[in-house]
Amino acid sequence: MSSFFITCAIDYANGDPHLGHALEKIGADAIARAHRQLGDDVWFLIGMDEHGQKVAQTAEAAGVAPQQFVDGVAERFTAMWATLGISHDQFMRTSHAAHHAAVTALLERIFAETPDAFYERSYTGEYCVGCESFKQAADLHEGRCALHPTRTLEAVTERNWFFRLSAYTERLKAHFAAHPEFLQPAHRRNEILSLLEQGLEDISASRARIAWGVPFPRPISTGETQTTYVWFDALPNYWTAQFFPGSRAPWPASVHVVGKDITRFHTVIWPAMLMAAGLPLPAQVWAHGFITLGGERFSKSAGVKLELSEAIARLGPDAFRYYLLRDIPFDGDGAFSWERFEAVYTAELANGLGNLASRTTAMVEKYCDGVVPAGARTAEDAADLADYAEARAALDGSNGYPLHEALAAIVRTIGRANQAIQDAKPWVLAKDPANRPELERVLASLVRQLARQAVYLAPFMPGKAEALWTALGGPGTAAATAFATADALDCTGWRVTKGEGLFPRPEPTTAP
RNA sequence: GGCUGGGUAGCUCAGCCGGUUAGAGCACGGCACUCAUAAUGCCGGGGUCGCGGGUUCGAGUCCCGCCCCAGCUACCA
């Protein structure tokens, strides 16, 4: 049993969870669950980034202390993840004392391992008093802050700790060359490679004006103690997580699941920090895409609104998970629409899998008193196994994590089963006792197909997969059944129950 | 502006190193069936493969030019 440590990017505690946050968690959860069924010893880490100027300002605006504010945000995030069935083993928060101590330890470790990694430098930037932060040229409109156009920007100089990122350009290039799997999908790797070609600039590691954060362990030459800047506070969470009480997070991580917008931080800055600290690098970074809504991108600055709880309530959390992972390519962008959601649900879940389960269990009850007969393996079994091999290849990390391809392969097995019924016509076979062996062979094959679907869909729809497994009378749980076990499954003697439909057809309500 | 990747049926996309009548799913139309959630299966209509040149016996598939779209072009977590 090999160890598999998967992480999500920690979410910034500046607002409530939205569709963009959910996509990443759902995708990573499917990967984590799949690896449990592949036989790995999985540790799944998610959490929150709770420090920084924006959080402090938002808390102040709300009239509460920063800690109190982030406590509330964290509660809403964890409640959402519970609703969606996210199976994380650890929820880390950067405001936790264990994180503070570990960040401090990491910085000291860098000072010890690479004495010249940090140095002091004066930084002069355009400072907006309204925002209480420095502005980059790109943030300016006609020389003024876009958010506070009535105020003039001040040229402010401060001394900070800087990290010698530029010194790692060659080592990073070498790492990318030696480990082509380090960053996937491939088009993201190309972007980073071109960035490395341009050469890297040093980055600041501490800030004077930010109070809400981890104190940088060494004062600057004036004696002033500054606050650790975001790179050195947030990115290390993957490593500091192991020092939380009860954690078994094994460093290095197997894969960091992150959004394409922060690929650079995870494949350049973070690895350079680890190199400076003399620590091993994560094996892989997977950059997923974004969901758009009405043509607009979901992000923290969301002008786009979609009530997550409403979307989940519409057809249930399992259907929501399925729709997102099936219809949004996990290596690129995709659009959310209520029409597509209902179309995919109706076609593939209600009419496809749900009806397949319904007609199969009905026939086993009607023709075999509900007990699955014995039956030799069929051409459908063989064809399914080829599809499941493809599904596994999309889940085991060997080609990144194109989850939509895994689901596409599973969907093919549903179509195959429905076609097999049509071809074999069990209701005709049942009329003549002479056809009994053939009837049993067909029904046994169908139950095997459904059982495998339950097992392979468990990472994507944990609730519905279990309901299907139960309806088939499978032993234990679908989630506890390894993929390899499913491939060789024999369902003889299982007792099926038809029960209610797995995926009831949606009410013909009008979508908003 | 530069770099990268794209523009193929109403929609989402496959089409590898050029080669018979350009494919899939969804949607749409017709037929069949009744085990099933008015579900399923079969058949069918539908595309000047972004535009214009070129190479070739032959080009969505290679070359050149142009138009359009997306991503990246680092201190926002």
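Using a 30° and 60° split on the angle between ring planes, His51(A) and Trp212(A) fall in the perpendicular class, above 60°.
The same atom, P, is picked in rU48(B) and in rA38(B); the two are 39 Å apart, to the nearest Å. Straight-line distance between the P atoms of rG18(B) and rG29(B): roughly 42 Å, to the nearest whole Å. Here, rA22(B) and rG46(B) have their C1' atoms 13 Å apart, quoted to the whole Å. The separation of rG54(B) from rC16(B), taken at their P atoms, amounts to 24 Å, rounded to a whole angstrom. Comparing rC66(B) with rG7(B), their C1' atoms sit 14 Å apart, to the nearest whole Å. Atom name C1', nucleotides rC28(B) and rA70(B): the rounded distance is 31 Å, in whole Å. Separation of the P atoms belonging to rC31(B) and rG19(B) is 40 Å when rounded to the nearest angstrom.
Contact annotation: side chain of Asn355(A) to base of rA36(B), donor-acceptor pair present below 3.5 Å. Under 3.5 Å, the side chain of Ser194(A) and the base of rC72(B) form no donor-acceptor pair of N or O atoms.
Residues satisfying the ring pair (Phe, Tyr, Trp, His ring centres under 6.0 Å) test with His175(A), not counting sequence neighbours, are His179(A), Phe182(A). The side chain to side chain contact (heavy atoms under 4.5 Å, CB included) check on Pro185(A) picks up His187(A), Arg188(A), Trp286(A), Ala287(A), Asp331(A), with sequence neighbours excluded.
One can place CD of Gln198(A) at 14 Å from P of rC72(B), the figure rounded to the nearest angstrom. The interatomic distance linking Leu353(A) (CG) with rA39(B) (C1') rounds to 13 Å, in whole Å. Remark: C1' of rA27(B) and CG of Asn351(A) are 14 Å apart, rounded to the nearest angstrom. If you measure from atom CD of Glu191(A) to atom C1' of rA70(B), you get 11 Å, rounded to the nearest angstrom. The distance from atom CG of Leu443(A) to atom P of rA36(B) is 13 Å, rounded to the nearest whole Å. One interatomic measurement links the two molecules: CD of Gln419(A) to P of rU40(B), which rounds to 13 Å at whole-angstrom precision.
Residue-to-nucleotide proximity on RNA chain B shows that, of Arg188(A) and Arg121(A), the 5′-proximal contact is made by Arg188(A). Residue Phe503(A) is the one, among Ile269(A) and Phe503(A), whose nearest nucleotide of RNA chain B lies closer to the 5' end (criterion: closest heavy atom).
Between rG71(B), rC76(B), rU40(B), one nucleotide has an atom nearer to the side chain of Phe265(A) than all others, and that is rC76(B).
Between the side chains of Asp71(A) and Gln67(A), at least one donor N or O lies within less than 3.5 Å of an accepting N or O.
We find that Asp384(A) and Arg448(A) are not joined by a salt bridge, their nearest charged nitrogen and carboxylate oxygen being 4.0 Å or further apart. Ion pairing of Glu191(A) with Lys260(A) is absent here, as no side-chain N (NZ or NE/NH1/NH2) approaches a carboxylate O to less than 4.0 Å. Between Glu380(A) and Arg416(A) there is no salt bridge, since no side-chain nitrogen of the basic residue lies less than 4.0 Å from a carboxylate oxygen of the acidic one.
The pairing partner recorded for rC28(B) is rG44(B), the criterion being a Watson-Crick or G-U wobble arrangement whose two distances lie under 3.5 angstrom.
Atom OG1 of residue Thr361(A) and atom CG of residue Leu356(A) lie 9.0 Å apart, to the nearest 0.5 angstrom.
Here the side chain of Asp369(A) pairs no donor or acceptor atom with the backbone of Val371(A) at under 3.5 angstrom.
When all heavy atoms of Ala319(A) and Tyr345(A) are compared, the pair lying nearest together is CB-CD1, 3.6 Å. Between Gln184(A) and Asn399(A), the shortest heavy-atom contact is OE1-C, 3.7 Å.
Applying ring pair (Phe, Tyr, Trp, His ring centres under 6.0 Å) to Phe216(A) and the options Tyr229(A), Phe163(A), Phe118(A) leaves one that passes, Phe118(A).
Across all strands shown, Asn160(A) has no heavy atoms under 4.0 Å from either base or sugar-phosphate atoms.
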Tabulated below should be each protein N or O lying under 3.5 Å from an N or O of nucleotides 29-35 of chain B; please produce it.
residue : atom : partner   : partner atom : Å
rC35(B) : O2'  : Arg359(A) : O            : 3.4
rC35(B) : O2   : Arg359(A) : NE           : 3.1
rC35(B) : N3   : Arg359(A) : NE           : 3.4
rC35(B) : N3   : Arg359(A) : NH2          : 2.7
rC35(B) : N4   : Arg359(A) : NH2          : 3.2

Pairs under 3.5 Å (N/O, protein and nucleotides 8-17 of chain B):
none

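Of the residues in residues 409-418 of chain A, those placing a heavy atom less than 4.0 Å from an atom of RNA chain B are Asn418(A), in numerical order.
Applying the salt bridge (charged side-chain N to carboxylate O under 4.0 Å, His left out) rule to pairs touching residues 418-431 of chain A yields nothing, sequence neighbours excluded.
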